[in-house]
Number of protein chains: 2
Amino acid sequence: MKTVEKLPTETAREYALRAIKENIISLDLAPGTGISENEIASFLGVSRTPVRESIQELSKASIIEIYPQKGSYVSLIDSQYVEEAVFLRTVLDTAVIEEACDLATEADIQKIEDNVALQEFYLQNYATDKIYVLDNEFHRLIYVAARKETIHAMRSTILIHFDRLRSLSMMTVKDTKIVNDHRLMLDAIKNKDKETAKQLVEKHLNRYRIDEEAIRASHPEYFKVSENM
Amino acid sequence: MKTVEKLPTETAREYALRAIKENIISLDLAPGTGISENEIASFLGVSRTPVRESIQELSKASIIEIYPQKGSYVSLIDSQYVEEAVFLRTVLDTAVIEEACDLATEADIQKIEDNVALQEFYLQNYATDKIYVLDNEFHRLIYVAARKETIHAMRSTILIHFDRLRSLSMMTVKDTKIVNDHRLMLDAIKNKDKETAKQLVEKHLNRYRIDEEAIRASHPEYFKVSENM
DNA sequence: GGTACGGTACTGGTATACAAGTGGCTATGG
DNA sequence: CCATAGCCACTTGTATACCAGTACCGTACC
């Protein structure tokens, strides 16, 4: 497990949740790893309570499996859940951007504009490591503009199943293309052009198609064995 | 707060979550009510720990608002969240039933068939109080058939915002119509007829249109005052 | 050598103790 | 009578103690 800095503003619970999430997505807590509430608590320098609450939450989304009195494990990558994550993102993102076309205010658009401008700036200056955070923030801002922030929170939890597979794939979509997609989406929202916006989202998501079988071949121990074989 | 029987199979945490949820949906814990972890814990006969974990979970979906060191409150009915719930249900249910048309196995269909048959039986015998539970189960089985069970779990949490408004409306859609809708949906899945299935879901959801303003007029104290007025 | 049994050191589930902060009530002084 | 200061009873947040159940390992006995 990798160290995560505790921000002064967050509670122990928020810190623990963030630290565990980041470690799972980055695969520093690899699929199948056994985790102990006590161990993580002492590693993070907090008590079991906040750690336990975080683990409970992740287990709700099947990111962690809890076997009472036996142990807890980071879930193996399960095609079932990855598909659910991809499905949810596809269905929601397209529906939400259409809503954003209808509902976005000037202020919403300005925030997105600032975000995209920053993406373009970092792209020009080859500081592409910053783009990952801005990317997530961009998509959140779309949900905010569509007045669907609660839905976004749920989306991001289940998306962990997909995110860690993406980490594992080490597949990198050219940042140029990502940022360009974002610029075009913003334009579509400005123009209230739902049809174009929807098509852009579909095209954007298609860039992240992952060859799961190839990864399974090189890291079979990370994957759940399907029952139907 | 109304008593909820503890099932012998569930943990204290599951019991607490279920009890609190049911009380919020039934409005026995009315919107705006102040709740205390200690109070609920002693009422349910468990300690603060499982109660606290449940409240934390509900606060994630904005069902409960926590003000540290001050108190926690059942959220007032907020049009914003109700709309998010309706939006989520509409978007997901239509997309999921299409998936169910593709993916449902014989076993899945048989379970739905049994459920619908039971609905029809209770309808014939005027035991319509049983239909509410079967209704929820019916929609869950559709998600199961579409291999989207995790998504269903998230759906049901956010739907609380809508469910309690429905309780408040005391609006009753004729059970005859509901059960008939379900029968037709099942047929569409059997026939793998996505288009019909989708239209049926839309029609079905339209039956639950609620006149929020009328309810707001008769119970203004349950509603959040909009900031844009 | 093999097997069965028991101790031990873990697990997560629950209960309780303590900490830090808030708000209201009361008592006291003007 | 009013205002203010301080105590007290509450809140949630966190840490810790205790419980029941599990797994594993070593030992003793066959």
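First the proteins, then the strands, lettered A, B, ... as listed; each starts at 1. Everything quoted here is computed from the prediction, not taken from an experiment. Scope of the values below: all heavy atoms of this structure, side chains included, with no hydrogens, waters or symmetry mates.
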Rounded to whole angstrom units, what separation is found between the [atom1] atom of [X] and the [atom2] atom of [N]?
| X | N | atom1 | atom2 | result |
| --- | --- | --- | --- | --- |
| A:Asn38 | D:dT16 | CG | P | 11 Å |
| A:Lys70 | D:dT22 | NZ | C1' | 8 Å |
| B:Glu37 | C:dT16 | CD | P | 15 Å |
| B:Tyr67 | C:dG23 | OH | P | 12 Å |
| A:Ile64 | C:dT11 | CD1 | P | 14 Å |
| A:Arg48 | C:dT14 | CZ | C1' | 9 Å |
| B:Ile66 | C:dA20 | CD1 | P | 20 Å |
| B:Leu58 | D:dT12 | CG | P | 14 Å |

Item checked: Note: B:Glu14-B:Arg18 ion pair, threshold 4.0 Å (strictly below) -> no
Checklist line | Salt bridge present between B:Lys60 and B:Glu57 (N-O < 4.0 angstrom) | finding: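 Salt bridge flag = no for B:Glu57 with B:Lys60.
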Notebook entry, point to check: Do other residues, nucleotides or ligands put more than 12 heavy atoms under 6.0 Å from the NZ atom of B:Lys6?
Noted result: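 Atom NZ in B:Lys6 is packed in, count exceeds 12.
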Check: More than 12 non-hydrogen atoms from neighbouring residues, nucleotides or ligands closer than 6.0 Å to CD on A:Glu221, yes or no?
Finding: yes
With respect to the phosphate group of [N], does any side-chain polar atom (N or O) of [X] fall under 4.0 Å of OP1 or OP2?
| X | N | value |
| --- | --- | --- |
| B:Ser72 | D:dT12 | yes |
| B:Ser47 | C:dT16 | no |
| A:Thr49 | D:dA15 | no |

Touch class at under 4.0 angstrom, heavy-atom based, for [X] against every strand present:
| X | answer |
| --- | --- |
| A:Glu39 | nothing |
| B:Glu14 | nothing |
| B:Ile55 | nothing |

Notebook entry, point to check: Do B:Arg13 and C:dG12 have a side chain to base donor-acceptor pair shorter than 3.5 Å?
Noted result: no
Note to self: Can you say whether a donor on the side chain of A:Gln69 sits under 3.5 Å from an acceptor on the base of C:dG12, or the other way round?
What the structure shows: yes
Next item on the list: Given salt bridge (Lys or Arg N to Asp or Glu O under 4.0 Å), test B:Lys148 with B:Asp93 step by step and report yes or no.
Entry: CA-CA 11 Å; B:Lys148 300 290 179 288; B:Asp93 281 10; over 6 Å; no
